[in-house]
Amino acid sequence: MNAEDLIEFETEVAAAFEAGHIDGPVHLNSATQAKPLIEIFKDIKREDYVCSTWRSHWHALLHGVPRDQVMVEILAGCSMMLHFPEYRFMSSAIVGGMLPIACGLAAGGERVWCFVGDMCATTGAFADACRLAAARSLNIKFVIEDNGLSTNTPTKLAWGQKELQVANTHHYVYTRQCPHYQPLPNQRGF
Amino acid sequence: MDFNAEVNKAMRLLAQQENAVFIGQSVRYDGAAIYYSLDGVPTEKRDEFPVAENLQLGYCVGLSLTGKLPICIYPRMDFMLLAMDALVNHLDKLPMFGWDPKIIIRARVGQKKPLDAGPQHTQNYTHAFRQMLTTVDVFELRRADDVLPAYELALRNKSSTIIVENPANG
């Protein structure tokens, strides 16, 4: 898939959400993610495991999960928890939830790519996972997707930090394009 | 029949499984009850893990998806509270998403005699765990003759099992 395909997919999801066809929260990718993600996924093989987050539409598509299959799951309200075992693709709606599992997969001999957000990269769970991965020479790559926000909390401001630097990781910065989760007018007040 | 001797028999039984790996603290290093309970388990099947309870349980989940049978050991049930995300949000929920992790979690309820280790080392959360879990079975063992059958059942179980060792006679 190229950048245009990815953006078109997300536009379709947004339209379905706005039309009230998706009965669950949706986390859309931003156009600024397309280029860095396409580059990263050039190194990810089909037989690799991809452990993703609640913003995982493009990760799944770029890992080879068919477009229709991803769309069906999103329309079923599973945007935050896309799982495709046959494609070795899993995700979690919990911050850092994939980190220990990714380490275990790698310890079992698999090649693993684990995506996290910038706030996750500041957590103890992330530090533990990186330490274990290094100590045991696990075949795992961590990718930090940095939009400067955790939901709506500014990561660096909340931690009082100026920079977010983590050694031995992929790290790319993008700008969030859509609200974290914008309820439709008839859903407000929950 | 001695409770601890039965636990050791159960550990030896699990160790006969080619894919079994015992993960936790004091599994390779002498000085704690867990170590003695693994007497006879080959060293190469023991993975001494850092004290990182949630990482340990999640690691076992990932390992199980590669075909291993992790036996995830906590010397006190109190310590499992630090692994609740991996247990409740992930191990318990992954079967709902098409994955089939299978691990055996072994936890011990700290006894109050001859020494009372206090309220942070002696709690039994079996009931609370049962309330929270939907795909993971929870067995509480009180009698020695229940030990081996429970571990045999856990071995046959398609899903994951928590076995809480809480001997009635301390």
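Below, chains carry the letters A, B, ... as their sequence lines are ordered, and counting in each starts from 1.
Counting all heavy atoms, side chain and backbone alike, B/His121 lies closest to B/Asp78 at C-OD1, 3.1 Å.
B/Thr134 and B/Asp92 form a side-chain donor-acceptor contact under 3.5 Å, judged by distance and modelled atom types alone.
Among A/Gly109, A/Gly124, A/Gly108, the residue with the largest count of heavy-atom pairs under 4.5 Å with chain B is A/Gly108. If you tally non-hydrogen atom pairs under 4.5 Å between each of A/Asp128, A/Ile94, A/Leu99 and chain B, the highest count goes to A/Ile94. Ranked by heavy-atom pairs under 4.5 Å with chain A, the first of B/His90, B/Gln56, B/Lys68, B/Lys93 is B/His90. For the set A/Ala106, A/Ala129, A/Gly104, A/Ser92, the count of heavy-atom pairs under 4.5 angstrom toward chain B peaks at A/Gly104.
Interface remark: A/Leu132 contributes side-chain atoms only to the contact with chain B (heavy atom separation under 4.5 Å). Residue contact with chain B, scored on non-hydrogen atoms closer than 4.5 Å, involves the backbone and the side chain of A/Ala107 alike. Looking at B/Asp47, only its side chain comes within 4.5 Å of chain A, counting heavy atoms on both sides. The part of B/Leu94 that comes within reach of chain A is its side chain, from C-beta onward, which places non-hydrogen atoms under 4.5 angstrom from that chain. Proximity to chain A involves both the backbone and the side chain of B/Asn54, based on heavy atoms less than 4.5 angstrom apart.
With contacts defined as side-chain heavy-atom distances shorter than 4.5 Å, the pair B/Met77/B/Phe129 qualifies. Between A/Cys103 and A/Leu138 there is a side-chain heavy-atom pair separated by less than 4.5 Å.
For A/Trp113 and A/His170, the gap between ring centers is short of 6.0 Å.
Hydrophobic cluster membership is shared by B/Leu133 and B/Ile103, with clusters built from Ile, Leu, Val, Met, Phe, Trp and Tyr side chains linked at under 4.5 angstrom.
Among the candidates A/Tyr172, A/Phe89, A/Phe41, the single residue satisfying the ring pair (Phe, Tyr, Trp, His ring centres under 6.0 Å) test with A/Phe115 is A/Phe41.
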